[in-house]
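Written out below as structure tokens is the structure these notes cover.
Owing to the predicted nature of the structure, the values given are computational and were not obtained by experimental measurement. Count residues from 1 along the sequence.
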Amino acid sequence: MPAFPSTLHKEERIYSKKLIDALFQGARSRSLSAFPLRVVYMSMETEEAFMESDEAVSLPNSRFLVSVPKRCFKRAVKRNRVKRQVREAYRKNKSIIGNHKVALAFIWLDGELRTSEVVETKVVNLLRRVNERLSSKE
């Protein structure tokens, strides 16, 4: 049995406006690309500054969000399919991040649909690179 269960709980999603703003506007966030995906990540060692008091009860180590812009796919069905593919790839491979406290935002860059295998390889590639960068900082 893996050390990290391959489930995806609501607590692992980023929905706090403060954390989203800090992720995209903060000087502490970094970005990596593996076309057709881009990941913006930020270490959450000082996450209490971005959390409401009731949110900080039992947080997972890594939190994420998926964004598929409307300019890439006009139809919501296609946007939802891509989000579902990225979420599933993240769920299966989130153990790559390990015990790092990190906030991740996956952003779709392409206007074409990809197979789930391609999406998963890109997500794994990005997660490994983020893990390397976070491990080198310690």
Side-chain angles (χ1 to χ4, degrees):
M1 185 169 169
F4 294 93
S6 62
T7 57
L8 203 56
H9 297 286
K10 182 181 177 186
E11 296 83 31
E12 296 180 66
R13 306 255 178 116
I14 297 176
Y15 52 86
S16 166
K17 178 126 173 64
K18 287 182 185 179
L19 185 55
I20 293 170
D21 289 343
L23 186 60
F24 287 107
Q25 296 172 358
R28 300 181 325 136
S29 61
R30 301 285 177 252
S31 174
L32 296 169
S33 286
F35 194 79
L37 275 170
R38 182 170 79 118
V39 67
V40 178
Y41 67 96
M42 175 181 72
S43 177
M44 290 194 311
E45 297 304 326
T46 57
E47 67 187 19
E48 290 81 25
F50 307 113
M51 302 291 143
E52 284 81 31
S53 59
D54 60 335
E55 243 182 88
V57 176
S58 62
L59 290 176
N61 285 334
S62 62
R63 299 180 74 190
F64 81 108
L65 67 86
V66 180
S67 174
V68 182
K70 198 173 186 179
R71 73 170 181 261
C72 292
F73 299 110
K74 297 298 181 195
R75 302 215 173 233
V77 172
K78 291 182 178 183
R79 290 196 304 272
N80 292 340
R81 175 178 182 233
V82 171
K83 287 190 275 188
R84 191 168 42 250
Q85 287 176 318
V86 174
R87 277 196 312 264
E88 177 68 6
Y90 175 78
R91 180 191 69 81
K92 288 167 64 176
N93 299 291
K94 67 182 175 182
S95 61
I96 294 171
I97 292 292
N99 288 325
H100 296 293
K101 286 192 166 280
V102 64
L104 302 160
F106 292 98
I107 302 161
W108 190 260
L109 302 173
D110 194 17
E112 308 237 343
L113 293 173
R114 307 287 178 169
T115 63
S116 294
E117 293 80 24
V118 170
V119 173
E120 186 168 353
T121 57
K122 300 301 181 172
V123 169
V124 168
N125 179 357
L126 288 170
L127 289 174
R128 285 192 178 132
R129 290 168 53 196
V130 167
N131 187 37
E132 288 172 9
R133 298 247 177 129
L134 292 172
S135 298
S136 66
K137 282 185 177 181
E138 293 175 352

Which residues share a side chain to side chain donor-acceptor pair (under 3.5 Å) with Arg114, sequence neighbours left out: Asp110

Determine the sole option in Asn93, Asn125, Thr115 for which the side-chain hydrogen bond (donor to acceptor under 3.5 Å, both in side chains) test with Glu120 is passed. Asn93

Does Arg63 reach the main-chain N or O of Val102 with its side chain, forming a donor-acceptor pair under 3.5 Å? no

Could I get the full list of side chain to side chain contact (heavy atoms under 4.5 Å, CB included) partners for Ile20, not counting sequence neighbours? Ile14, Phe24, Leu65

Is the Lys NZ or Arg CZ of Arg91 less than 6.0 Å from the centre of Phe64's six-membered ring, within 45° of the axis? no

Would you find more than 12 non-hydrogen atoms of other residues, nucleotides or ligands less than 6.0 Å from Lys83 atom NZ? yes

Honestly, is Lys10 close enough over Tyr15, meaning NZ or CZ under 6.0 Å from the six-membered ring centre and within 45° of the axis? yes

Spell out, as yes or no, whether a donor-acceptor pair under 3.5 Å connects the side chain of Thr121 to the backbone of Val118. yes

Any side-chain to backbone donor/acceptor pair from Lys122 onto Arg38? Under 3.5 Å, distance only. no

With a 4.5 Å heavy-atom cut-off, do Val119 and Trp108 have their side chains touching? yes

Between Val130 and Val39, is there a side-chain heavy-atom distance shorter than 4.5 Å? yes

Set of side chain to side chain donor-acceptor pair (under 3.5 Å) partners for Tyr41, sequence neighbours left out: none

Met42 side chain near Leu19 side chain, heavy-atom distance below 4.5 Å: yes

Tell me whether Glu88 contacts the main-chain N or O of Gln85 through its side chain, where contact means a donor paired with an acceptor under 3.5 Å. no

Show, in sequence, the C-alpha distance, side-chain angles and deciding distance for Tyr90 and Leu127, and conclude whether the side chain to side chain contact (heavy atoms under 4.5 Å, CB included) test is met. CA-CA 9 Å; Tyr90 175 78; Leu127 289 174; 4.3 Å; yes

